[in-house]
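Working notes, structure below.
In this text the structure is predicted, and so the values were computed from the model without any measurement. Scope of the values below: all heavy atoms of this structure, side chains included, with no hydrogens, waters or symmetry mates.
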Amino acid sequence: MANAASGMAVHDDCKLKFMELKTKRTHRFIVFKIEEKQIIVEKLGEPTETYDDFTASLPAEECRYAVYDFDFLTEENVPKSRIFFIAWSPDTARVRSKMIYASSKDRFKRELDGIQVELQATDPTEMGLDVFKSRVN
């Protein structure tokens, strides 16, 4: 279960909550953190929560992984959604933390079957709504 590169295990709850977001749409977003050599769910966003609620839940000086269910309208006004995976690694985070999150990211992402778009962000502008909108097509 542990990641050979970084020794990180993925808590079963991570996959379970992701499946709820993907299939039942019971969460708008999920924030994950690494704690005691495993990836755990830190925060679940209710379906009514907004993009601003999501960005406010990411710490300014610590790395996190997050999944966001982004709703949008196509050019033909058809409602759709895309599931974004965000690797949040702010410039102000500790170097060791950035290394651990970077080395665990690909394996963790593979555990979450159904990710459609990936973003790597070091500051809020790299994951603004305009970035989301530009990546859905």
Side-chain angles (χ1 to χ4, degrees):
M1 188 81 185
N3 181 344
S6 66
M8 290 302 144
V10 178
H11 193 281
D12 288 341
D13 213 27
C14 296
K15 291 181 267 190
L16 183 71
K17 297 302 180 193
F18 176 75
M19 288 306 291
E20 289 175 3
L21 176 144
K22 183 174 110 173
T23 59
K24 299 179 189 159
R25 306 201 69 192
T26 50
H27 314 294
R28 171 65 55 201
F29 61 86
I30 308 170
V31 178
F32 304 95
K33 73 184 230 179
I34 295 175
E35 188 172 274
E36 297 175 16
K37 293 200 188 277
Q38 73 172 344
I39 301 169
I40 61 167
V41 172
E42 181 179 51
K43 178 172 178 23
L44 295 170
E46 295 298 317
T48 54
E49 290 192 67
T50 65
Y51 172 80
D52 291 332
D53 297 323
F54 164 64
T55 56
S57 67
L58 294 173
E61 299 187 0
E62 292 179 40
C63 299
R64 292 291 186 273
Y65 300 123
V67 172
Y68 186 83
D69 188 4
F70 181 65
D71 292 325
F72 65 99
L73 289 174
T74 65
E75 289 179 15
E76 297 80 31
N77 276 341
V78 178
K80 290 205 169 191
S81 74
R82 289 278 183 272
I83 298 175
F84 277 74
F85 177 88
I86 298 102
W88 172 245
S89 184
D91 291 331
T92 52
R94 294 197 334 261
V95 172
R96 177 164 168 67
S97 176
K98 289 187 209 180
M99 288 170 53
I100 291 168
Y101 274 80
S103 67
S104 303
K105 180 187 77 169
D106 286 340
R107 179 181 178 276
F108 179 52
K109 207 174 81 181
R110 278 195 302 273
E111 296 279 339
L112 306 178
D113 184 38
I115 299 289
Q116 295 163 306
V117 184
E118 179 184 341
L119 292 178
Q120 173 79 37
T122 58
D123 72 63
T125 63
E126 294 178 350
M127 54 177 245
L129 272 177
D130 56 331
V131 176
F132 275 64
K133 289 173 185 164
S134 72
R135 297 290 300 275
V136 294
N137 299 326

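- In this structure, the side-chain contact (heavy atoms from CB on, under 4.5 Å) partners of Glu61, at least two apart in sequence or on a different chain, are Thr92.
- In this structure, Lys22 has no side chain to side chain donor-acceptor pair (under 3.5 Å) partners at least two apart in sequence or on a different chain.
- With respect to Phe18, the side-chain contact (heavy atoms from CB on, under 4.5 Å) criterion is satisfied by exactly one of Asp13, Thr23, Val67, Val41: Val67.
- A salt bridge links Glu111 with Lys15: the closest approach of a Lys/Arg side-chain nitrogen to an acidic carboxylate oxygen falls below 4.0 angstrom.
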Check: residues 72-81 side-chain donor-acceptor pairs under 3.5 Å, at least two apart:
{"from": "Thr74", "atom 1": "OG1", "to": "Glu76", "atom 2": "N", "distance (Å)": "3.3"}
{"from": "Thr74", "atom 1": "OG1", "to": "Glu76", "atom 2": "OE1", "distance (Å)": "3.3"}
{"from": "Thr74", "atom 1": "OG1", "to": "Val78", "atom 2": "N", "distance (Å)": "3.1"}
{"from": "Ser81", "atom 1": "OG", "to": "Asp69", "atom 2": "OD1", "distance (Å)": "3.4"}

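- Listed by first then second residue, pairs satisfying salt bridge (Lys or Arg N to Asp or Glu O under 4.0 Å) with a partner in residues 91-103 number zero, not counting sequence neighbours.
- Connectivity analysis of hydrophobic side chains (ILVMFWY, heavy atoms under 4.5 Å, direct or indirect) links Met99 to Val95.
- By the ring-ring contact (aromatic ring centres under 6.0 Å, His included) test, Phe54 pairs with Phe29, Tyr68, sequence neighbours left out.
- Scanning for side chain to side chain donor-acceptor pair (under 3.5 Å) contacts around Glu46 gives an empty result, with sequence neighbours left out.
- Tyr101 meets the ring-ring contact (aromatic ring centres under 6.0 Å, His included) test with Tyr65; sequence neighbours excluded.
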Got a list of side-chain donor-acceptor pairs under 3.5 Å for residues 113-125, not counting sequence neighbours?
{"from": "Gln116", "atom 1": "OE1", "to": "Ile83", "atom 2": "N", "distance (Å)": "2.6"}
{"from": "Glu118", "atom 1": "OE1", "to": "Lys109", "atom 2": "NZ", "distance (Å)": "2.3"}
{"from": "Glu118", "atom 1": "OE2", "to": "Lys105", "atom 2": "NZ", "distance (Å)": "2.7"}
{"from": "Thr122", "atom 1": "OG1", "to": "Glu126", "atom 2": "OE1", "distance (Å)": "2.9"}
{"from": "Thr122", "atom 1": "OG1", "to": "Glu126", "atom 2": "OE2", "distance (Å)": "3.2"}
{"from": "Asp123", "atom 1": "OD1", "to": "Thr125", "atom 2": "N", "distance (Å)": "2.8"}
{"from": "Asp123", "atom 1": "OD1", "to": "Thr125", "atom 2": "OG1", "distance (Å)": "2.3"}

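- Annotation: salt bridge (charged side-chain N to carboxylate O under 4.0 Å, His left out) contacts of Asp53 (sequence neighbours excluded): none.
- With sequence neighbours left out, Arg64 forms a salt bridge (charged side-chain N to carboxylate O under 4.0 Å, His left out) with Glu42, Glu62.
- Atoms CD1 and NZ, on Ile40 and Lys33 in that order, are 5.5 Å from each other to the nearest 0.5 Å.
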